[in-house]
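To start, the structure under review is shown below, and the notes come after it.
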Amino acid sequence: MAIYFNEPSRTFSEYLLIPGYTDENCIPAKVSLKTPLVKFKKGEESAITLNVPFASAIMQAVSNDTMAIALAKEGGVSFIYGSQSIEDEAAMVARVKNYKAGFVTSASNVMPDQTLADILELKERNGFSTVAVTEDGTANGKLLGIVSSRDYRVSRMDINTKVSEFMTPLDKLVTAPKDTSLKEANDIIWDHKLNSLPLVDDEGKLMYFVFRKDYSEHKLNPNEILDAQKRYIVGAGINSRDYEQRVPALVEAGVDVLCIDSSEGYSCWQKNTIDFIRSKYGDSVKVGAGNVVDRDGFMFLAEAGADFVKVGIGGGSICITRETKGIGRGQASALIEVAAARDEYFEKTGVYVPICSDGGLVHDYHMTLALAMGADFLMMGRYFARFDESPTAKLIVNGSYVKEYWGEGSNRARNWQRYDLGGQSKLSFEEGVDSYVTYAGPLHDNLEKSVYKIKSTMCNCGVTNLDDLKREAKLTLVSSVSIVEGGSHDVILKTSRSND
């Protein structure tokens, strides 16, 4: 006889938080949202810690290098979508790692006999205004000069003009030796009023650039998450088919954490993928797995060696897995059970495996509920797809600005690997839709508001960190009538308001 769960499958909208005692220390400015991204042993710290508990979903319509940079600045992490060629995904990872760092390897380089047309083409392709002129046109060739936007005017110059004729030559540049510290480099930049400082070795070969803007951006983004080399943290999605080729390319590109992107993670395919990574890299390469919705699925992946486990099947706004296959579980019910399994595993082994709530977050208050129910961090697609930094087009539909948003299981994405069960290499039927989401503007402004809501609610609960929220939160089920009571009712509204 089949196994039946006695409790209904619950969603976040069926719960509310009960206020706790708020003392004078419970103010949003004192609330910390730091949270572990990957597993760690009791008494130790996670190798990667997020400053806000947000991850952008592994989706074509959400997570590219632009989103990864923007979210890392705010303290979260993006997982660049894997439903693209290995070379393209690795290139996105490399762009994030090279975008912002204390010491930046030059991404745009030319030889002196190239032309202004080449400079303009490089700027269009890479978006960088500083171009190194080296003897051989490589990032580490002998430095001969630099071209910046101050060195040319397109309207007054022939695009066939040689770079050597308008570049700033080496003898007019301020440079520093390769062993210069970041603090020393920034001091030189400020003392000489520079925008960039090249670091060269004893043979005059270019090693790195240090940029003034990086110092300024760090001051503007105190929550940004960086690796040991002061580069942004970035994740990437992989699948259980081509991991033997994809993983090495992503590691070479500098990826900080991987995640197996699958609609259902309780499978031999996920274990095989983790086994390969552990056999080749040991614990040095971090990899999350999922998705699961119960204790059995979590335990399987934790014992297989996953660094974190994603929770959720069928709860995403563009996901129709429950409609098409009858598989899934209400996100609140799934998260509550998996959180209990995580704590059980920690007590038994002394290893804490973070869990990620993926899907089912409709309103901002659902974020706090998910964190109170035990999620260490939240993965969202629709939320991030609305912003300027997502890779999709902004359109006007019925007089309103929208952005395109489609599921990985839609005919548009055709990410068959995500739904692979070891059969044919194709998408047999859709498990996602192609849609629009209301355009919301820049990520920073929206995320700042969401973060403040979470912190404010935590203060109402009498806690100032996520560990205390998980431990001390009080939650209650709500009836359909109380849900109606919780919104505006029995009045005529003057203006419309956001549901977020």
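It should be emphasised that the depicted structure is a prediction, and the values quoted were computed from it without experimental measurement. Computed from heavy atoms alone, side chains included, the values below leave out hydrogens, waters and symmetry copies.
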Is any NZ, NE, NH1 or NH2 atom of the basic residue among [X] and [Y] found under 4.0 Å from an Asp or Glu carboxylate oxygen of the other?
X	Y	answer
D376	R342	yes
E337	R329	yes
D227	K97	yes
R231	D256	no
D445	K449	no

May I ask you to check whether over 12 heavy atoms, not counting those of [X], lie within 6.0 Å of atom [atom1]?
X	atom1	answer
K42	NZ	no
E244	CD	yes
F128	CZ	yes

Taken in chain and number order and not counting sequence neighbours, the residues that satisfy side chain to side chain contact (heavy atoms under 4.5 Å, CB included) with A332 are R10, F12, Y15, M373
Short side-chain donor-acceptor distance under 3.5 Å, [Y] and [X]:
X	Y	result
Q60	S83	yes
T368	K453	no
D468	N465	yes
D88	S85	yes
Y383	N446	no

What is the ring orientation for Y266 with F300, classed by angle as parallel under 30°, tilted 30 to 60°, or perpendicular over 60°? tilted
Going through the distances and angles, do V234 and I80 end up as a side chain to side chain contact (heavy atoms under 4.5 Å, CB included)? CA-CA 8 Å; V234 62; I80 289 174; 3.8 Å; yes
Does the side chain to side chain contact (heavy atoms under 4.5 Å, CB included) test come out yes or no for Y232 and L226, once each step is laid out? CA-CA 5 Å; Y232 284 136; L226 307 172; 3.5 Å; yes
